[in-house]
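Heads up, the thing below is written out as structure tokens.
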Amino acid sequence: MSRATRRPGPATAVLLLLVAALLGAVPTAARAAVPTAPAAVAAPAARSASVPAATAARPAGVTVTGIDLHDGQIQKFGSTYYLYGTMYKCGYTWWQPNTPWCGFGVSTAPSMSGPWSAPQLLFSPTAADPYNPGNSYQSVCGGVSGYTSGCFSPRMVQRSGWGANDGVFVLWFNAPAYMDLPAPNKASHAYMTMGCNGPAGPCGASAGAPYGTTYRPVLHQCDGANGDAGLTADSENGSIALVCTKQENSLSIEQLDKWGTNGTGNGANYLAGVTAIEATGTYRDAATGTWVMTYADKNCGYCTGTGAGYATAPSMLGPWTAPANLGVGQPANGRRAFSANSCGGQVDTVTEIDGQAWQKIDLWTGSNAEPNAGLRFEPLVYTPTTNTAGDGTVWRTALAPFTCTDAPDPVTPPAPVTVSGVDLHDGQIQKFGSTYYLYGTMYGCGYTWLQNPTTWCGFGVSTAPSMSGPWSAPQPLFSPTAADPYNPGNSYQGVCAHTGSGCFSPRMVQRSGWGANDGVFVLWFNAPGYKNLPAPNTATHGYMTMGCNGPAGPCGASAGAPYGTTHRPNLHQCDGANGDAGLTTSPENNAIALVCPQAGTASIALEQLTYWGTDGTGTGVTGLAGLSSVESTGTYRDPATGTWVMTYADKNCGFCSGTGTGYATAPSMLGPWTAPANLGVGQPANGRRLITATSCGGKPDTVSVIDGQAWQKINLWTGSTAPAGSNLHFEPLDYVPGTGTPGDGKLWRPPFVPFSCT
């Protein structure tokens, strides 16, 4: 959960950095003794070897409900499982003055799935705080002294197999208000450590002998940090490390000393170049030796559907790298997110138990008081990937996506299909009769988006006996040099090449089962340059239609009889739009509809088409599902449930190499359309509405229904504005209605079988 808003204001932050730079990060309060072990305590045996997670059968995830322990972790010491976390049931509410802090608790169980004991305190919230003399921990953790930023993220670690290797238990936690205390008690970071007399406490100076101590760490790379931090689940060179969120919400790592209570100054800042993230978990993959880090992407408070990102490194201290996106206006986190919505919650940290790494997820309700939020533990399976952003091929995150279910997938969809070596893009696939038709924009002649001058290669079509091919060489649907009746004296090169904005998204539809029902083929496409023509040729939207003499063309006025025509549609809800649009694949009330991204914020509008499918009727809706910054829609009616489903590129960007696929649903074609919303403080808009965060390394385009099966088309862009070498991928869409809702504090997953990206 985000602590970014708990940091001091800009002036205070600058002052802290200046003080740290001039004086060093030496705490001014009297220090308690460093937790150590008496000579009589023998070091525990080293952890036994186990089958590497990557080669063993993946265990099922575990959901824990009804336990008031949050933003903490799970550990296994001996044969007992320990669940640590922040408690809320006494009435604690984040950012509320005069709120009581309930403390950190621990429950025990014989297995991860329980049964869990009632939580017990690790130390009393009213115990004296040696770093805030005259006050208890309620002062910095509750609201009794005006500090409302709370205390969170308890992390329990045992000095076993690293450092002093004496078996002593050390607790770390995050208390941002220490940075706001008046001098001389002010801290330069938000973290505190305690020595504990056992894995279930008691902890801190109030616990007494043999190990009860409270100690403010001396930190270097993590000095100034106040975000929820993590401790590495594995050691390297005899030590573990603290991974912290700095005030600018970048990540730092700092190796700890032999006692695990101070930083050594050995570490790194700005890990993997990621920002606006928090709540890290770090472990070493047993099978490959790769260090893997996960984090909440982005950082926000009590969020109900935040992405889970990852980075990797050859060693604990780095260098750390995260997969990057390519493209124009691409999202920063597309390829690095291995889960779009973290099972409806927010990832916290990682624990390794018996050789298996587990990602903890807080299933927040979105409230600032969270006693009823559930917990989810997902197994992490790391499989190195050889693909890179921009190679134009199917791509999968190195971490297997979360399953977000305690049961197998309810359906087994058909296998995905990848098409390579065919210069047809941002189009669609259709089946007419027994033949498959692949439509798209061609780039092989040298077309480059936004470059002027350039040459527009036109729209092409290939045919095949099956989705997997073999595909014929593309043939043009109409000549790019044919006369354009809507730009007199010019060919289609005038608007498709010379304006720089291009022509894209060919959509072929047959009037069959709707409208005139005469079997005629109609081509729609997007030509934004029409809006920039001088009067009287200026258009109010970017769309054009053509009648075609067959499913493979020719199309347009230059095709001649019997159906070759070119027509600028009359539109209403979609007037003014110029983004990549889609046509609904299923008719309703004897009509189909155009689904278009409106100009400006790229919100979505839907307009029912006329009898001929070449004009809008004025019947439709705007602002669908409250969406913005999306495009490339695909819309169909699920045959099993009758639900209308819409998918879209989330967000809209040019030739992006890892964009999310979002969705919305409706009871009818005209709506009302709804998309799952997130809850929380500073939450991302699109977490719960994403089917996938990365779209197999590409960008979703539209949906086709073939023999009753809906297929999501994905352009595997290279990131270049001249992507002739990019491939196409088709993922089956299988809609399975869900029962979870944002804020219910329970396990949740999108109502689709996840993309396999194989």
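Start at 1 with the first residue, then count along the sequence. No hydrogens, no waters, no symmetry mates; every other heavy atom, side chains included, goes into these values.
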Would F730 and V419 satisfy side chain to side chain contact (heavy atoms under 4.5 Å, CB included), going step by step from the backbone distance to the final call? CA-CA 8 Å; F730 297 93; V419 177; 4.0 Å; yes
Heavy-atom pair of closest approach, residues T659 and C653: OG1-SG, 3.5 Å
If you look at every heavy atom in A693 and A337, which pair is closest and at what distance? CB-CB, 3.6 Å
Indicate yes or no: at least one non-hydrogen side-chain atom of E731 is less than 4.5 angstrom from one of T661. no
Pick one: which of T635, T633, T702, L733 meets side chain to side chain contact (heavy atoms under 4.5 Å, CB included) with T647? L733
Qualifying residue for ring-ring contact (aromatic ring centres under 6.0 Å, His included) with Y735, from Y663, W644, F752: F752
Heavy-atom side-chain contact between T385 and T397 under 4.5 Å: no
Pair T441, H425 - check side-chain hydrogen bond (donor to acceptor under 3.5 Å, both in side chains), show working. CA-CA 5 Å; T441 306; H425 314 276; over 6 Å; no
Donor-acceptor pair, distance only, cut-off 3.5 Å: does the side chain of E607 make one with the backbone of Q573? yes
Would you call the rings of F459 and W456 parallel, tilted or perpendicular if under 30° counts as parallel and over 60° as perpendicular? perpendicular
In the structure I gave you, are the side-chain heavy atoms of P416 and H729 within less than 4.5 Å of one another anywhere? yes
When you measure from the side chain of S657 to the backbone N and O of G719, does any donor-acceptor pair fall under 3.5 Å? no
Separation between CG (L583) and CG (L594), nearest 0.5 Å, reads 6.0 Å
Can you label the angle between the F432 ring and the Y437 ring as parallel, tilted or perpendicular, going by 30° and 60°? tilted
Drop me the distance from W673's CH2 to M669's CE, to the nearest 0.5 angstrom. 9.5 Å
Measure the spacing between CD of E631 and CG of N526 and express it to the nearest 0.5 Å. 8.5 Å
Least distance between heavy atoms, P587 atom then G513 atom: CG-O, 3.9 Å
Steps toward side chain to side chain contact (heavy atoms under 4.5 Å, CB included) verdict (W612, R511): CA-CA 8 Å; W612 302 111; R511 286 196 300 246; 3.6 Å; yes
Spell out, as yes or no, whether a donor-acceptor pair under 3.5 Å connects the side chain of S586 to the backbone of R637. yes
Going by distance alone, is a donor N or O of one side chain under 3.5 Å from an acceptor N or O of the other, for S466 and S468? yes
Is it the case that the side chain of D423 and the backbone of Y443 share a donor-acceptor pair, with hydrogens and angles ignored and the cut-off at 3.5 Å? yes
Flag the pair L609 / W514 as yes when at least one side-chain heavy-atom distance between them is below 4.5 Å, and no otherwise. no
Taking atom types as modelled, find out whether T610 and D615 have a side-chain donor-acceptor pair closer than 3.5 angstrom. no
Between D426 and N715, do the side chains contain a donor N or O and an acceptor N or O under 3.5 Å apart? no
For a quick check under 3.5 Å, do Q598 and S603 share a side-chain donor-acceptor pair by atom type? yes
Testing the basics here: between G553 and L477, what is the closest heavy-atom pair and its distance to 0.1 Å? N-CD2, 4.0 Å
Starting at OG of S704, measure out to CD of Q709 and round the result to the nearest 0.5 Å. 11.5 Å
Step-by-step side-chain hydrogen bond (donor to acceptor under 3.5 Å, both in side chains) determination, T481 to S479: CA-CA 5 Å; T481 59; S479 173; 2.9 Å; yes
Evaluate ring-ring contact (aromatic ring centres under 6.0 Å, His included) for F478 paired with Y492, printing each intermediate quantity in order. CA-CA 10 Å; F478 60 92; Y492 290 102; 5.0 Å; yes
Donor-acceptor pair, distance only, cut-off 3.5 Å: does the side chain of K298 make one with the backbone of N333? no
Side chain Q493, main chain H498, donor-acceptor under 3.5 Å: no
Take a 6.0 Å sphere around OH of Y486 and say whether it holds more than 12 heavy atoms from other residues, nucleotides or ligands. yes
Strictly below 4.0 Å, N to O, side chains only: are D701 and R507 in salt-bridge contact? yes
Spatial distance of atom CZ (F338) from atom OG1 (T692) [nearest 0.5 Å]: 12.5 Å
When you look at Y563 and F521, which way does the side chain to side chain contact (heavy atoms under 4.5 Å, CB included) test go after all the steps? CA-CA 8 Å; Y563 308 116; F521 293 89; over 6 Å; no
Flag side-chain contact, heavy atom, 4.5 Å: P465 against P470: yes
For P751 and P737, work out which heavy atoms get closest and say how close. CB-CA, 4.0 Å
Side-chain heavy-atom pair P750, N341 within 4.5 angstrom cut-off: yes
Given 3.5 Å as the limit, does a donor-acceptor pair link the side chain of D734 with the main chain of V753, or not? no
Using modelled atom types and a 3.5 Å cut-off, is there a donor and acceptor pairing between side-chain atoms of S420 and backbone atoms of N727? no
What is the minimum heavy-atom distance between Y310 and A398, and which atoms define it? OH-N, 3.2 Å
Donor-acceptor under 3.5 Å (T584 side chain, A593 main chain): yes
From L747 CG over to D406 CG, what is the distance, rounded to the nearest 0.5 angstrom? 6.0 Å
Taking side chain as C-beta onward, heavy atoms only, is S668 less than 4.5 Å from E588? yes
Is the closest side-chain heavy-atom distance between I604 and Y648 below 4.5 Å? no
Donor-acceptor pair, distance only, cut-off 3.5 Å: does the side chain of R396 make one with the backbone of T758? no
